[in-house]
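Below you'll find the structure, written out as structure tokens, and then a few comments.
Naming convention: chains lettered A, B, ... in sequence-line order (proteins, then strands); numbering from 1 in each chain.
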2 protein chains.
Amino acid sequence: MCGHTHCKMKGFLSFLILWMLKNKKMTGSEITDEMEKRKGRRFSPGTIYPVLKKLKDSGLIIDDEEKKYSLTENGEKELNIHIENFFRIFWDLEEMRKHCKCHEHRK
Amino acid sequence: MCGHTHCKMKGFLSFLILWMLKNKKMTGSEITDEMEKRKGRRFSPGTIYPVLKKLKDSGLIIDDEEKKYSLTENGEKELNIHIENFFRIFWDLEEMRKHCKCHEHRK
DNA sequence: TCTCCAATATCGTATTTACGATAACAGTTT
DNA sequence: AAACTGTTATCGTAAATACGATATTGGAGA
């Protein structure tokens with residue numbers, strides 16, 4: 001997939017994890033699977049779990065006996081802030097989408 | 001602006017610069033100004049100019065006598081790839097926007 | 001020409017993000 | 001209990017991204 005390009009756009013993994021957990025409790029491996037669908041490439045465990053640990057230590061997510069993670073109240077607040085920022089930065093997303101005629105992925 | 005949060009979401013600066021240049025020739029300082037509007041915070045010159053240099057060295061952008069940068073053909077191609085990837089990763093943006101009732105920033 | 005000023009550029013470093021390898025752990029099956 | 005398997009977790013390191021300070025450049029005006 002995605003050929004060799006120059007800007008790698010690192011840096012929205014924890015944001016996406018928060019977003020995914022907003023909709024559904026998930027385990028680490030479920031998160032890994034879902035991320036793969038989005039990115040096209042599989043993140044290594046050495047990427048996912050440290051992020052989960054960081055988010056947990058920061059009090060943004062918690063896990064239950066089954067290792068299913070979900071958002072805390074703070075996590076929810078922080079997610080909202082991030083979404084706000086995100087749409088301020090990318091305020092012209094619609095134009096961008098039109099530009100490349102991006103056919104809805106995954107509908 | 002944006003209070004202290006945990007995930008910093010670095011990593012879309014060169015992407016955004018390519019996108020901005022798609023629409024309009026710009027100088028370094030114009031790019032800095034525009035980025036400030038998006039991010040809410042001013043990037044330091046030590047951030048902007050190295051990125052411009054990298055993009056130029058990679059043949060994605062060129063500058064004219066007036067130091068106005070614009071996309072090359074390769075730059076255009078690469079931008080399109082990035083946009084494709086972007087919308088695959090964030091395929092559920094609409095849901096996200098609805099979720100936070102993000103009032104359109106900036107018209 | 002000389003001075004001033006903003007824009008541009010570079011340097012060294014800090015921080016963040018991600019990787020690969022490997023280890024610990026839990027549940028199943030034999 | 002022992003071996004197997006997939007998930008979870010940690011460690012050290014590499015790469016990407018951004019910062020702050022500083023240097024350089026190129027006019028505009030005195």
Side-chain angles (χ1 to χ4, degrees), chain A residues 1-2 4-21 25-36 38-58 60-70 78 82 85-86 89, chain B residues 1-2 4-21 25-36 38-58 60-70 78 81-82 85-86 89-90:
Chain A
M1 192 158 286
C2 63
H4 175 69
T5 53
H6 294 87
C7 47
K8 301 297 171 46
M9 293 218 294
K10 289 178 160 194
F12 34 74
L13 182 52
S14 30
F15 173 56
L16 265 181
I17 289 181
L18 289 180
W19 169 245
M20 281 161 30
L21 292 178
K25 280 189 164 193
M26 297 174 101
T27 65
S29 64
E30 287 170 332
I31 290 172
T32 306
D33 293 343
E34 170 68 19
M35 281 302 309
E36 184 177 11
R38 290 177 185 261
K39 279 267 302 180
R41 179 164 181 241
R42 201 164 178 79
F43 277 98
S44 90
T47 297
I48 297 291
Y49 291 101
V51 171
L52 287 174
K53 181 171 165 42
K54 195 194 67 181
L55 293 174
K56 185 179 171 185
D57 290 349
S58 308
L60 303 181
I61 64 178
I62 41 165
D63 53 345
D64 59 18
E65 336 70 54
E66 289 177 290
K67 294 283 174 192
K68 293 229 175 199
Y69 288 93
S70 55
E78 180 131 340
H82 283 311
N85 288 340
F86 184 87
I89 292 171
Chain B
M1 193 159 284
C2 64
H4 176 70
T5 52
H6 294 86
C7 49
K8 300 298 171 47
M9 292 220 294
K10 288 179 161 194
F12 35 75
L13 182 52
S14 30
F15 173 56
L16 265 182
I17 288 181
L18 289 181
W19 169 244
M20 280 161 33
L21 291 179
K25 280 188 164 195
M26 296 174 101
T27 65
S29 64
E30 287 170 332
I31 290 172
T32 306
D33 293 344
E34 170 69 19
M35 281 304 308
E36 184 177 13
R38 290 177 184 261
K39 280 266 300 181
R41 180 168 180 237
R42 199 164 179 80
F43 276 99
S44 92
T47 298
I48 296 292
Y49 291 101
V51 172
L52 288 175
K53 179 172 167 40
K54 196 194 66 181
L55 293 175
K56 184 179 171 185
D57 291 348
S58 308
L60 303 180
I61 63 179
I62 40 165
D63 53 345
D64 59 18
E65 336 70 54
E66 289 177 291
K67 295 282 174 192
K68 293 230 174 198
Y69 289 93
S70 56
E78 180 132 339
I81 294 173
H82 283 312
N85 289 339
F86 185 86
I89 291 171
F90 293 103

_Euclidean distance, atom CD of residue A:Glu65 to atom P of D:dT8 [Å, nearest integer]_ = 14 Å
*asked:* If you compare every side-chain N and O of A:Arg41 against the phosphate oxygens of C:dC19 (OP1, OP2), does one of them come in below 4.0 Å?
replied: yes
*Check the distance between D:dT8's P and A:Asp64's CG and give it to me in whole angstrom.*
11 Å
*With sequence neighbours excluded, tell me which residues meet ring pair (Phe, Tyr, Trp, His ring centres under 6.0 Å) with B:Phe86.*
A:Phe90, B:Phe15, B:Phe90
*Quick one: B:Arg42 CZ to D:dA21 P, roughly how many Å, whole number?*
16 Å
*Length of the NZ-C1' vector between B:Lys53 and D:dT24, whole Å*: 15 Å
*Quick one: B:Ile61 CD1 to C:dT8 C1', roughly how many Å, whole number?*
13 Å
_Any heavy-atom pair between the side chains of A:Thr32 and A:Pro45 that's under 4.5 Å?_
no
Could you pull out the protein-nucleic contacts involving nucleotides 23-25 of chain C (nitrogen or oxygen on both sides, under 3.5 Å)?
none

*Within residues 45-52 of chain A, residues whose heavy atoms come under 4.0 Å of DNA chain D*: A:Pro45, A:Gly46, A:Tyr49, A:Pro50
*asked:* The criterion is side-chain contact (heavy atoms from CB on, under 4.5 Å); which residues satisfy it with B:Asp64, sequence neighbours excluded?
replied: B:Lys25, B:Glu66, B:Lys68
*B:Lys54 side-chain N/O to D:dT17 phosphate OP1/OP2 under 4.0 Å*: yes
*Check every strand shown and say whether B:Thr27 touches a base, only sugar-phosphate, or nothing at a heavy-atom separation below 4.0 Å.*
sugar-phosphate
*asked:* Tell me every residue that passes side-chain contact (heavy atoms from CB on, under 4.5 Å) with B:Thr47, counting only those two or more places apart in sequence or in another chain.
replied: B:Leu13, B:Phe43, B:Ser44
*Return the set of residues passing side chain to side chain donor-acceptor pair (under 3.5 Å) with A:Lys67 (not counting sequence neighbours), or none when no residue passes.*
none
_If the cut-off is 4.0 Å, is A:Ser44 near the phosphate of C:dA21, judged by side-chain N/O to OP1 or OP2?_
no
*B:Lys67 NZ to D:dG27 P: how many Å, rounded?*
10 Å
